[in-house]
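The chain is numbered in sequence order, starting from 1. Ligands are counted one by one from 1 in listed order, and the atoms in each one are counted from 1 as well.
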Amino acid sequence: MSDTTQTAETTQTATLNLPNKTLKMDVVVGTENEHAFDITQLRAETGYITLDSGYGNTGACKSDITYIDGEKGILRYRGYSIEDLAEHSSFIEVAWLLIYGELPNVEQAKHLRDLLTEHEALHEGLRHHFEGFPPYGHPMAMLSSMINACSCYHPDLLEMGDSDESFMGAAAKLMSKVRTIAAFSYKKSLGQRIEYPHPELSYCRNFLHMMFSIPHAQYHPEPEVVKALSQFLILHADHEQNCSTSTVRMVGSSGANLFASCAAGVCALWGPAHGGANMAVIEMLKRLRDGDDSAAIVMEKVKKKEFRLMGFGHRVYKNFDPRAKILKKTCDELLAKLGINDPLLDIAKELEQIALEDDYFIERKLYPNVDFYSGIILRAIGLPLNMFTVLFAIGRMPGWIANWRETVNDPKGRISRPRQVYTGPAHRPYVPLEKRG
Ligand code: CMC
């Protein structure tokens, strides 16, 4: 960028000086004063493309949904702070907010609850799909397959019109059915009878019922357990252009339906660098509990890059992750309420303490992320380890739905199709097989 470029703030344009070409670019300014060069004409005008591994500097879209200031540790859904939402709202309210842009009124919240109840059951044919999975199958594999399979039983999803009502029906179907699929896959893994959803229970209670009720013994969770689960889902409900949400948007940009796009989101979420980290944190803490190494020795190994401290670090947060702060408090409160003394919590706190005072972590701005304490909460609720990332997916569903809708409704939307800088061999003449020796 040329030194003579006037700043974006004053002129709202920027100039790129290349050897034989000068390109003027509009500067796009977001509501929170984020600045971006619009490089739409870059290749056409100059022949250059940008190279940005991991997209750390690339704005893939404009979005009205979620705002993060990673330096200040701010996270807002549609302008509302995550702290307020986690403290005062329900997952249903947050889902409506993310998808429609406003907090629902009483009637709208009831409408969404009714739709979730209406769609909570699985088609019996779909239920039989569970028989095809082995009992040890990973619930994330089942979840993504079953979400896709849903569209076979509800062909209306493939022909969803533009109306708000048909979209809302599809969104409610997805949010409701993932909860049922998740619980069924758990029962399947135990070899237990499936518990059908209960129409009179709230979203979180209903999930806990399907997970933990057994014939003739309905599960009645403590209110604090329901609150903690609801908060977990709220805190995971959206996080702007992370790996899984970008995947949903990318798949949706081809015109793929909501269910196919979100099934792809589940697959993207599975990895340990993303949603799979909540499982990986607990596995790491357990190894520490059961092994010979102290927390200090483990941290030395992390610094030697023998492995990563799971639940630490974030692409965007460079000060603290506000979700982790909330969950740490909830974790303390929930364990105290349930009278659980989990040694993993003590180990986690010890690791955090060491990290916060160590130059390696300070210099790289590595802090606990949302996954560091969330697993201890899920353990206290009684959820099995291999369901942790499934819970993340259930929570993220409204965010994926909102982002999918924003993508398909964008009048200037184009299929997502990045370019590359090719580094393979230059053209080579083909040699027929028999002449290759
Ligand atoms: N432990 C030790 N070192 C780390 C860690 C970690 N958890 N995370 C980053 N670093 C180091 C990394 O080695 C690199 O060091 P250097 O500059 O010497 O090469 C530096 O910090 C920057 O790392 P990066 O890989 O360029 O950072 P990134 O922004 O590409 O990756 C991350 C972000 C979240 C993938 C990464 O921090 C990580 O792998 N964390 C552990 C997995 C995890 O907790 N993931 C959940 C993320 S939050 C929930 C979600 O959104 O899914």
Side-chain angles (χ1 to χ4, degrees), residues 51-58 65-68 70-71 73 75 77 82 140 232-249 264-285 287-288 295-328 344 348 351-378 385 388-400 403:
L51 185 61
D52 185 18
S53 164
Y55 305 128
N57 306 281
T58 298
I65 303 167
T66 289
Y67 171 69
I68 300 176
E71 276 68 35
L75 168 61
Y77 299 161
I82 195 65
M140 283 295 273
F232 172 94
L233 297 180
I234 291 169
L235 292 174
H236 286 78
D238 196 39
H239 213 233
E240 52 120 298
Q241 304 314 313
N242 55 81
C243 176
S244 56
T245 304
S246 301
T247 299
V248 170
R249 289 187 83 116
V266 172
C267 295
L269 187 72
W270 196 351
H274 193 8
N278 59 13
M279 272 180 75
V281 170
I282 297 296
E283 282 162 351
M284 176 186 78
L285 295 175
R287 277 198 302 276
L288 219 80
I297 292 174
V298 164
M299 293 305 251
E300 285 310 309
K301 289 184 179 172
V302 168
K303 284 155 61 178
K304 283 188 208 149
K305 299 199 187 288
E306 288 177 24
F307 57 89
R308 284 194 170 198
L309 188 61
M310 299 313 289
F312 253 73
H314 200 274
R315 172 63 60 78
V316 182
Y317 293 120
K318 298 299 171 198
N319 186 348
F320 67 94
D321 179 339
R323 304 167 301 172
K325 219 173 173 175
I326 298 169
L327 285 176
K328 184 179 181 185
L344 299 193
L351 288 175
E352 180 183 0
Q353 195 53 40
I354 297 174
L356 294 180
E357 291 167 6
D358 191 299
D359 284 348
Y360 174 95
F361 293 90
I362 295 168
E363 279 160 17
R364 290 169 181 77
K365 299 181 191 276
L366 300 172
Y367 298 89
N369 60 48
V370 70
D371 294 313
F372 197 61
Y373 288 103
S374 67
I376 300 174
I377 295 176
L378 298 181
L385 188 58
F388 286 12
T389 314
V390 168
L391 263 295
F392 193 149
I394 296 174
R396 187 53 56 88
M397 214 47 78
W400 287 340
N403 274 276

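Between Ile68 and His314, every side-chain heavy-atom pair lies at or beyond the 4.5 Å cut-off. By the 4.5 Å heavy-atom criterion applied to side chains, Phe361 and Asp358 are counted as neighbours. No side-chain heavy atom of Tyr77 sits less than 4.5 Å from a side-chain heavy atom of Ile65. No side-chain heavy atom of Asn319 sits less than 4.5 Å from a side-chain heavy atom of Lys365. Looking only at side-chain heavy atoms (C-beta outward), Thr245 and Glu240 stay at 4.5 Å or farther from each other. Using a 4.5 Å heavy-atom cutoff, the side chains of Asn278 and Thr389 are in contact. For the pair Met284/Leu351, a side-chain contact is recorded, criterion being any heavy-atom separation below 4.5 Å from C-beta on.
Remark: Arg364 is positioned above the aromatic ring of Tyr360, its terminal NZ or CZ atom under 6.0 angstrom from the ring centre and at most 45 degrees off the axis. Seen from the ring of Phe307, Lys301 does not count as a face-on cation partner, given the 6.0 Å and 45° thresholds.
Distance check on atom 27 (O) of ligand 1: every protein heavy atom falls at or beyond the 4.0 Å cut-off. Per-atom contact check: atom 9 (C) of ligand 1 touches the protein, criterion being a heavy-atom distance below 4.0 Å.
Among Arg323, Arg308, Arg364, the residue whose heavy atom lies nearest to atom 23 (O) of ligand 1 is Arg308. The option with the heavy atom closest to atom 7 (N) of ligand 1, from among Val281, Asn242, Leu309, is Leu309.
Nearest protein neighbour of atom 3 (N) of ligand 1, counting heavy atoms only, is Tyr360 OH, 2.9 Å. Protein heavy atom nearest atom 19 (O) of ligand 1, with residue, atom name and distance: Lys305 NZ, 3.8 Å. Nearest to atom 40 (N) of ligand 1 among the protein's heavy atoms is Phe312 O, 2.9 Å. Ranking the protein heavy atoms by distance from atom 34 (C) of ligand 1 puts Gly313 O, 3.6 Å first. Nearest protein heavy-atom contact of atom 45 (N) of ligand 1 is Ala273 O, 2.9 Å.
Counting heavy atoms under 4.0 Å from ligand 1, residue His239 does not touch it at all. Using a 4.0 Å cut-off between heavy atoms, Phe372 makes no contact with ligand 1 at all. At a 4.0 Å heavy-atom cut-off, ligand 1 touches Leu366 through the side chain alone. Of the heavy atoms in Val370, only side-chain atoms (C-beta onward) come closer than 4.0 Å to ligand 1.
The ligand atoms of ligand 1 that sit less than 4.0 angstrom from a heavy atom of Pro272 are 42 (C), 45 (N). Atoms of ligand 1 found under 4.0 Å from any heavy atom of Asp371, numbered from 1 in the order shown, are 46 (C), 48 (S), 49 (C). Which parts of ligand 1 touch Ala277 is read off a 4.0 Å heavy-atom cut-off, strictly below it: atoms 43 (C), 44 (O), 45 (N), 46 (C). Of all atoms in ligand 1, listed by their number and element, those nearer than 4.0 Å to a heavy atom of Gly311 are 43 (C), 44 (O). Heavy-atom contacts of His274 reach the following atoms of ligand 1: 46 (C), 50 (C), 51 (O), 52 (O) (cutoff under 4.0 Å). Heavy-atom contacts of Arg315 reach the following atoms of ligand 1: 28 (P), 29 (O), 30 (O), 33 (C) (cutoff under 4.0 Å). Set against the non-hydrogen atoms of Val302, the atoms of ligand 1 under 4.0 Å away are 1 (N), 2 (C).
The aromatic rings of Tyr317 and His239 lie tilted to each other, with the angle between the two planes from 30° to 60°.
A donor and an acceptor atom, one from each side chain of Glu352 and Tyr373, are located under 3.5 Å apart.
Counting heavy atoms of neighbouring residues, nucleotides and ligands inside a 6.0 Å radius, atom NZ of Lys325 does not exceed 12 of them.
Here the options are Leu378, Ile377, Ile326, the test is side-chain contact (heavy atoms from CB on, under 4.5 Å), and the partner is Phe232; only Leu378 passes.
Heavy atoms of Met310 approach ligand 1 to within less than 4.0 angstrom. Not a single heavy atom of Phe307 lies less than 4.0 angstrom from ligand 1. Proximity of Gly275 to ligand 1 is established by a heavy-atom distance of less than 4.0 Å.
Aromatic ring centres of Phe312 and Phe372: separated by under 6.0 Å.
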